Each structure stands twice: as structure tokens, then as C-alpha cells.
Enquirer: 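Got a structure here, written out as C-alpha cells. Questions coming.
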Amino acid sequence: MSEITAANLISMFAEIAKAMAESKAHLCELDGVIGDADHGIAMDLGFSTVATNLAAPDITAADPTTVFNTAAKSFLNAVGASSGPLYATAFMRAGASVKGKTVLTASDFADAFIAMAKGIQDRGKAEIGDKTMIDAWVPAAEAVESAKTQGASLAEILDKAGKAAEAGAEATKAMIASKGRSARLGERAIGHIDPGAASTAILIRAMGKGLG
Amino acid sequence: MSEITAANLISMFAEIAKAMAESKAHLCELDGVIGDADHGIAMDLGFSTVATNLAAPDITAADPTTVFNTAAKSFLNAVGASSGPLYATAFMRAGASVKGKTVLTASDFADAFIAMAKGIQDRGKAEIGDKTMIDAWVPAAEAVESAKTQGASLAEILDKAGKAAEAGAEATKAMIASKGRSARLGERAIGHIDPGAASTAILIRAMGKGLG
Amino acid sequence: MKTKKIINDGANAVDEMLEGVLAAHSAKVFALDHSPRSIIARDGPRPGKVGMVIGGGSGHEPSFLGFVGKGLADAAAIGNVFASPPPDPIIECTKAVNNGAGVLYMYGNYAGDVMNFDMAAEMVAMEDIEVRTVLTTDDVASAPADQRDKRRGVAGNVFVFKAAGAACDKMLPIDECERIARKANDRTFTFGVALSPCSLPQTLKPNFTLGEDEMEVGMGIHGEPGISKEKLKPADAITDELMDKILDEMAAPKGDRVAVIVNSLGSTPLMELYIMMRQVKKRLDQAGLALHLSLVGNYCTSLEMAGASITVMHLDAELQEMIDHPCDCAMFRAG
Amino acid sequence: MKTKKIINDGANAVDEMLEGVLAAHSAKVFALDHSPRSIIARDGPRPGKVGMVIGGGSGHEPSFLGFVGKGLADAAAIGNVFASPPPDPIIECTKAVNNGAGVLYMYGNYAGDVMNFDMAAEMVAMEDIEVRTVLTTDDVASAPADQRDKRRGVAGNVFVFKAAGAACDKMLPIDECERIARKANDRTFTFGVALSPCSLPQTLKPNFTLGEDEMEVGMGIHGEPGISKEKLKPADAITDELMDKILDEMAAPKGDRVAVIVNSLGSTPLMELYIMMRQVKKRLDQAGLALHLSLVGNYCTSLEMAGASITVMHLDAELQEMIDHPCDCAMFRAG
Ligand SMILES: Nc1ncnc2c1ncn2[C@@H]1O[C@H](COP(=O)(O)OP(=O)(O)O)[C@@H](O)[C@H]1O
Ligand SMILES: Nc1ncnc2c1ncn2[C@@H]1O[C@H](COP(=O)(O)OP(=O)(O)O)[C@@H](O)[C@H]1O
Ligand SMILES: [Mg+2]
Ligand SMILES: [Mg+2]
Ligand SMILES: [Mg+2]
Ligand SMILES: [Mg+2]
């Protein structure tokens, strides 16, 4: 895909919703170990609401910014929790970064992606190593940045982002948490993947699939 | 044993307490099926309190009536429940029936036994076939009566009583309850022994052992 | 496998609980020095007032001791877990609350309670205390409608006690208190389901078993089996099953008012009770009945049993006045 | 194996619960038409009064919506099970209770709640509503004493909200309300243990596992792991472990007064709570502290989790006045 339309973004969110529905139980399990066992529910509920709202007939004529903003609001209001503001901020920033465009190039999408990661950092104030979704988002955004610079295709960009996010998620296993619910766990968190980092990797993979 | 002293009665109650302690779990299980699962607790608690109170030093000089009355009060106050008033009435009646005697013959004891069964009937107003301890007590009392008439020894009398009580308890299996907690069960009570009938058989066997 | 409980020796659970209750609620209740299982209201018994004694086994908290206080019961006699109190604490309660106007005994209709309270009544009668007894028989699951006097008393106790306690608090004569208590009981209906068992503190073993997807309809508050085992159903279907029976028996004309209790048997949380409450309200609306008052929570429990019961009291002007009368107890305030 | 619950579709549990709450307590609370998860007190908000908005995830009932009413919170924003409400219902609550004197946000210190309430605060600030936020951080298990601001808010909420709600009800200016709320939080300490897990209505799967004879010390009210797993101990030993830490941190001089909550996490019944209460009283006596008030029961739960927490609030004259101030909420009456 060389040019991304609003309709493509809508398909992308549908793909994300599908992936989250499939991963619901797995993400709840991960969250059960170090959190409150609801991350899969939040992601599934949030993205299924996004997909439903994006399937409304009046959306089809929308531009990419509207799609991202609709996704942001839908996710936020359906979910609340920690993930609500984090993802909502991400999508709002993505929307802002592509403002005025009706179709997005791979490079536009890369910028939107980087804005998403930045949004989550701004909202949650987590650092790399805090054992949060940031540990997946930041390396993914770095991968996107360097792939973009190398003029890679959208598929390549998102594949590199997915790989980086997966590695980042895996790396959270070794970490002690210092943000979110598991921040109180200390050493007991070691050995367990952060659920938000895991869902981030799933989300990015689904982006690739949805835009593929 | 041809003559039963107060001290013998005290040993008898100690033997009953021992037997109930051993049967506690079993009686709770029986009560769990058709009642509230506490009959073993009540019997164990009641008779261990009786045994403790009868082990008090000032009791040793007592007459049989005092022993029975002490047992009645101790049991009643420790237990409450259904079994409290039933057994307390039984022991009070036994005490009344041997009033004025310092030692009891086998025939005296047989009378006391029959008075106990009568007391339980008077208190609980249950009939044969109602699936209660009456289904063990009444045949046991009849066995005692006829053994006594035949001039049987105490050991023989209590052995016959035990056999009759065991058969009576077994017979409750086939009954629909119409008194006590399980009265609401209807057909669902069929196939299960009434816990009070079971404890009656255990009690009578322990009497035999305690006076043997 | 043993049930986990926060207890010390299970054999001391009732007495230790009472110590805790007295520590927490010393402003409302006290225990008699010579009878520590007789719990008396600090503010309640007074000259000329009919005394009201309730009681029953432990394990149903806040029933029964939680309902001792101004405007409700004057005293509660406390039994072992799931076991009627013996006559002694009942007698001591009676003496403590007797003020010459007679004493009303109110408790659930269980063989053990009847025998023990009757023995107590016989004994205080010898001391010229007039005792009237009103048994609660609100559990529709426990006998057919034409054998109402065979039914058990369950969560409906709360309303029946409340109405009678109000009558006593209003200084009505014992005939009136008794009449109101009987009417309250006649117009109160409870039906419940259990989802999982409880364990006695002395055994820590589940007191019955239910399949993974089963519920017991009409379960007693001591884990006595009910009417039938059924497959667990959605909340609305359960509520409908309970309300069908209750509304049918109650046969209240449209426009009448009712009071409702959605009661947890112990471990069923408020979320589930309120989901039931939602459907209760729908059914009342359909039947044209006005919801005057609702209690939702733990009112008559079976230790940590899972499940819930619905109680509906069919009000009339008099019962409504009694139910609205203020009460201020250790574990219950209303009005 | 699935946990048995009395629900319909788990995805609708929160909304159906709210319908039930509104059916049962329509005299006390209502939901905004345009924002059904914004629950508002009928009697509370009034001209010149600081508005108080509380909130958090569902599954902790009676927290938070049960504490909406005259003398306590003016509104609660309701989230999904164990999930902070999003900004929208918080914003709507804020507008509904704003009377020009400012609005106080009070909620437990969780990342999700902080982000959502902060977003709401930013948005209402644009409409010139002054918002002050006081986070509750009473859970001593959740961070060392020198990092108090990292601690979670748990059952101590009830006292902290109560004190702040009283200050608002007394028409104090927002600076005073905020000061009292902060002081109340600073002087409130909670510590708890969990014995068995709960299950979310959407999954019906236990949200953590504990061995047959284990308890989790310092468990969060969403099933977040605590400080350590230990072997289950007798009630007195558990209570001592909790009270040791609380009394140590509280460092109250002899003769001072305290208020106590012995709180069930859901399925732990009153019998066990009162057995703990007994030992709490012993420890207070030993420390020379007077027990001013005790709440024993379900105040801040985690669905049907088994376990309990102890909260101690170190009173001074002002806090005592606030705690004694009457409140009349859907699920809580005091004073
Ligand atoms: N401050 C934060 N910054 C970034 N991510 C965070 C932050 N706090 C929590 N998270 C992420 O949120 C995830 C949990 O999300 P979720 O379970 O949906 O919400 P909650 O913790 O409210 O139940 C964590 O695994 C973590 O990755
Ligand atoms: N009216 C009665 N007459 C005779 N026995 C009775 C009567 N009611 C109950 N019982 C006996 O009591 C037994 C139950 O005793 P227990 O479990 O100790 O008391 P509770 O039923 O109060 O829990 C029943 O199994 C039955 O044998
Ligand atoms: Mg979570
Ligand atoms: Mg029994
Ligand atoms: Mg019993
Ligand atoms: Mg959550």
C-alpha cells in the first residue's frame, strides 16, 4: 500500500479489533500475574467499540484525522482505566500529525506512529525500563524512524516496528515495574511480561496486517 | 456389672464422649446431606462438656440422679440446637426415674433407658417413621423392655438395645422426613441415614461399653 | 481441602465474635455479665414497654444480634453456629428486658429453636413473665402454601422483626404487638438460591456440594437442601423464578406497596444483588406494585455461602408505618 | 472451571447494577440522563457549597457510588469493573455539582484514575470550574512510608471521603475542604490480606492464584499482588501483623482517639471480621488508644474476594467532628 486512505485506516482498526478479541484471554492472564487481570477486557472492549463506531455510515467520507480522533474518543469512553487515556492520547496525536491530509504516504504514517509513541510517553510519564507499554512503543518508534529515513515501504516499516515491539515486550520480563499497578510488586514482577507491552506488540502487528 | 454406681455412670458418659469425638466427622457428613452439617459438632461438644463437668471433684460423691441431671444441664447449655433439648430431656427423665437410689440394678437402668426414650418422644413429638432419632430410640427401648422382662443382664440388655438402634437407624434410610431440618426435603431425603438416629446407635453402643 | 477462614480455634469463633461485636458496638449493646451470650440493647427496654427477644444460631450475621437496638429487638440470645441457643441465655434475655408488659419471642421456625425457646418460655412463665411467641415462616420454598406453619424463617425475619420491634417501641400492648408481628409474617415472602456452600468454623469442610454449573433452589440458610438443583441461569431468569412464586403467593392487588430485601447469603457481592434488584423492580412494575423501600446487602447470611434471596413484604398502612419507624441497632439503621 | 455469579451478560454487569442501584435508592441518588454513569446525590449540591466528586472502577461496592449522598460525596463517576471511569462521566459529575465554590476530586491513587481525572480536570478548567484533587494513599502495603504519594487508596477512602464530605457539607471554603481532606488522608492507614481471588464478570476466571494454605499480605483491591505470600495464620496473628505495621506508622501518643474499619474484601463474613475486631480492640487498648468509632463490614470490596483489611484513622478534634458529622447515602448512614 503506497497511499493510505481513511478507509484503509478503518480497516486497520478493524484488524486491531480482531487481534485484540483473539488475545483477550492471554492479555488478561498476563495482567492477572502482575496487575488486575483486566487488560484483555479493556483492549477488546476498546477496540471493538472503535471498530463499531468506525463502521458507522457517516464516517466513510472522513479524513484520516477524523478517523484517529473518532478512534481516540471511542476508545477512551469505552475503556477508562490506564489504557484509555494512553491510547486515546496516542490516537489524538496521530490525528494531529496528519491534519489536513486526505491520504497518507508511508512517511506520513511513520510520523503518525512516532507521534503516537510520544503521546503515550507524555500522558503516562513512563521511562524506558519502567516495565510499561513504553518499553514496546519506544523501540518500535525508533525502528519506524530509522526505517523511514532509509525510505522503507510501509510494510517494511511496520514489520520492523512489530519486531522491535515484540523484543521490547519480551525485555519487560526482566524488569522491575515502577509505573502502573505493578509498580508495588518489586522483584515479584520479574519474569513476567508487562501486559501493556504485550498488547502494544499485538497492536502493531495488526496495524501491519490491516494496512498490508 | 450387676450394680451401677454414680461413678459407673460417670465412666459411661466418658465413654460416650469418646465415641462421639471419634464419630464427629461422620455425623457431620450425614447431617450435611439432609441437614446443616453440624450434628457431629453438637454431639462432640455436648458430651465432652458433660464428661468435663462430671470429672469435677465435687461430683464423685453424687448419686445417679445428680449425675443424670448434671449431664442434662451440661449438654443443654453447651449445645442448644435440636439435640440439646432432646438429650437433656432424656437425661432428666432418666434422673427422675432413679430418684432416691444410690446404686442401680440392671432393671433400674432399663427403666431409666425407657424413660429416656419417652422423654425424647415427649419433647420432640416425633413418631416412628418421621426419620428422626426416635426411629432408633423407640425400637431400642422396646428391646430393653423385653430383655428386662426376660431378666437379661445389663450387658445383654444394652447389646440388644444397640442392635435395635442400629437397625432403626439403618431403616431411616428409606424414610421421608417429617420432623426437623430435613422435613422439607421430601423424596430427596430417601437413601440417607438420619444423623440423630445414627448418633443414637453410637450412644447406646458406648453405654454398653462404658458399663461393660 | 480446607476452607480458609480468618479465625483462631473454630470452637471459640462465636464467643470471640461476640467480644468483637461488643468492642465495636458498646454504645448500642452489651452482654449480661452472668450470661455472655445474652446481648441486650442499651437503649430500648423501658417501663411499660413489651420486651422483644429474638435469637437463633450464629453464622447468620447481621442476624440476629445486629438487630438489637432502639426501635427493634431488645435482646438476642446467641447460639452456636447454626444451632439454636439453649434455654438459659433466652431466659436471661427475657428477664433483662421484662418490664411488666410481657415479652415477645420472635425467631425462625426451626425444630431446635422451637424446643429451646419453648423450654425457656415454660421456665419464665413460672416467674410470672407473660411470653408470646411469633415464629417467622417466610421461606416459600420450605413447605406448600397451605402448610405455612411448617415453613422456615429466613431473611424475611428482618422485616417481620422490624415491624414487631416498631410496635413494641411505640409502647403498644402485647396483644397489639403480637397481632402486628403475625400480620407482618403472614405478608412476608422469601425465596432464594444458593450457588456454593459454606463451611462451619469447626470443620472447615463445605457443608454440601453443588455441581460446577448448578444452583440449589430454595436452599435453607444453614445449607439444608432446597426444592431442587437446577442449572445456573442468568440473573434475570433466576430473579423471575423467585419473583414468580413470591408474587403468585402474595397475590397483591395493583397499586399496593411493597418492601423488598435482596439479601446475600454471604459471599455474593453487591454487584450481583443490584443486578437482581433491577429485575425485581421490573417485575414489580409489571405487577403494578410500588416499591416503598429496598434493602440490598447482607441481612441474613449463611457464613460465606454464595447465593441470594429475595424477600417481598406486602405492606398495608399499618405495616408501612412500622417499617418506616426509626431503628438504631448495632448493624442496622433505618427510618 | 468458571466462577458462578448471578449475572446476565458479564459485559453489561456494571450498567445493570447501576439500574438496580437507581431502582433501590431513587430517593437518594439519580443518574444524569445524558451520562448514565454519573451518579448524583439528590440532597447535597447546593449554592455556595464545594462540590465533591469521587469515583473509580466498579466491583468495589459499596465504594464508590454507595457513598454519594447528603453529608458525603455529591457525585460518583463509575468505571468498568476495576477500571477508572473515563473523563466524560467525571466531567459531567463535575458540572452537575459545581455551584461556584469549586469542586473537590477524591479518589484512590491508581495510574488509570489519575490520568482520567486529570484529563477531566483539565477540561473543566477550560470552563472556569476550579478543581482540587486529593488522592487517597492509605494502603501501607503499597510503598514505603517515605514514598507515601506512591501508595494506593483502599478502604481508608471511606474515612477520608467522609471527613472531606463533612467539610464540604459544613459549607467550608475549598481551601479548608482540601486541607481537611489531606489531613484525613495523612492520618489514615490501611493494611489487608487476601485469602482467595475474585473473578471479573467478563471472564469468570479467578484473577490470581493462592495455595491452599496461603494468604497474600498487602493484596490490592483489584487483586494486584501484595508484599508477600504467607502461610495462613490464626486471626489474632493476622490482626497483629496488620496492627503492628499500622500502629508503628501511625505513632499515635497514648490517650489519642482512633476510628477503625474492619473491612471485608467481599466474601469474608461478619463473623471473621468481628473476630479480627476483637484483637484490634486489644491492640488499641495496649497502645492506650481510645476507639471512637468502628465500621465492620463490606466497605471497599473486590467483588467476591476473600480477605479483610484493617483501617485506622488517627483522630484529632477536627477529624473527630468530621467523622461524627451525619451523612445519609444510598449505602451508608452515619452520625
Ligand atoms: N504511566 C504509564 N505509562 C505507560 N503505560 C502505562 C502506565 N501505567 C500503566 N501503563 C500500562 O497499562 C497497562 C495496564 O493497562 P490496563 O490493565 O488496561 O489498565 P489498569 O492498570 O487500569 O487495569 C500496563 O501493563 C502498562 O503497560
Ligand atoms: N422433633 C424431633 N424429634 C426427635 N428428633 C428430632 C426432632 N427434630 C430433630 N431431631 C433429630 O435431631 C437431629 C439433628 O440434630 P442436630 O444436627 O444436632 O440439630 P439441628 O437440626 O438443630 O442442627 C436429626 O437428625 C433428628 O434425628
Ligand atoms: Mg489492568
Ligand atoms: Mg444439624
Ligand atoms: Mg444446627
Ligand atoms: Mg483495571
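Note that the coordinates shown come from a computational prediction; the quantities given were computed from them, not determined experimentally.
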Enquirer: Could you state the interatomic distance from CD (A/Glu29) to NZ (D/Lys205), rounded to the nearest 0.5 Å?
Expert: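 Separation between the atoms: 6.5 Å.
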Enquirer: What part of A/Ala88 lies closer than 4.5 angstrom to a heavy atom of chain D: side chain, backbone, both or neither?
Expert: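 Contact with chain D is absent: no heavy atom of A/Ala88 under 4.5 Å.
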Enquirer: What residues of residues 193-204 of chain D sit under 4.5 Å from chain A when you count only heavy atoms?
Expert: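 When heavy atoms of chain A are the reference, residues 193-204 of chain D contributes D/Leu200, D/Gln202, D/Thr203 within the under-4.5 Å range.
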Enquirer: Are there more than 12 heavy atoms of other residues, nucleotides or ligands under 6.0 Å from atom CE of A/Met175?
Expert: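 Enclosed: over 12 neighbouring heavy atoms sit under 6.0 Å from CE of A/Met175.
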Enquirer: Examine whether an atom of A/Leu76 lies under 4.5 Å from a heavy atom of chain D, and if so say whether it belongs to the side chain, the backbone or both; otherwise answer neither.
Expert: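 For A/Leu76, the contact with chain D is made by backbone and side chain together.
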Enquirer: Where on D/Val114 is there a heavy atom nearer than 4.5 Å to chain A: the side chain, the backbone, both, or neither?
Expert: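 Neither part.
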Enquirer: Which donor-acceptor pairs under 3.5 Å do the side chains of residues 201-209 of chain A make with protein atoms, sequence neighbours left out?
Expert:
{"from": "A/Arg205", "atom 1": "NE", "to": "A/Glu166", "atom 2": "OE2", "distance (Å)": "2.9"}
{"from": "A/Arg205", "atom 1": "NH1", "to": "A/Asp159", "atom 2": "OD1", "distance (Å)": "2.8"}
{"from": "A/Arg205", "atom 1": "NH2", "to": "A/Glu166", "atom 2": "OE1", "distance (Å)": "3.1"}

Enquirer: How about residues 111-119 of chain A versus chain D: which residues have heavy atoms under 4.5 Å apart?
Expert: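 Near chain D, by residue number: none.
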Enquirer: Please confirm whether the backbone N or O of D/Ala83 pairs with a side-chain atom of A/Asp36, one donor and one acceptor, at under 3.5 Å?
Expert: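 No, the answer is negative, given that no donor and acceptor are paired below the 3.5 Å cut-off.
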Enquirer: Which heavy atom of A/Gly124 sits nearest to which heavy atom of D/Met115, and what is that distance?
Expert: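 Closest approach of A/Gly124 to D/Met115: CA-SD, 4.2 Å.
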Enquirer: Does anything in residues 85-93 of chain D reach chain A? List residues with heavy atoms under 4.5 Å apart, or say none.
Expert: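 So far as heavy atoms go, D/Pro85, D/Pro86, D/Pro87, D/Asp88 are the residues that approach chain A to under 4.5 Å.
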Enquirer: Does D/Asp146 have more than 12 heavy atoms from other residues, nucleotides or ligands lying within 6.0 Å of its CG?
Expert: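 Check passes, neighbour count above 12.
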Enquirer: Considering all heavy atoms of both residues, which atom of A/Gly35 and which atom of D/Pro225 are nearest to each other, and what is their separation?
Expert: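 That closest heavy-atom pairing would be O-CD, 4.2 Å.
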Enquirer: Decide yes or no for A/Asp38 and D/His222: does some side-chain heavy atom of the first lie under 4.5 Å from some side-chain heavy atom of the second?
Expert: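 The answer is no; the side chains never approach within 4.5 Å.
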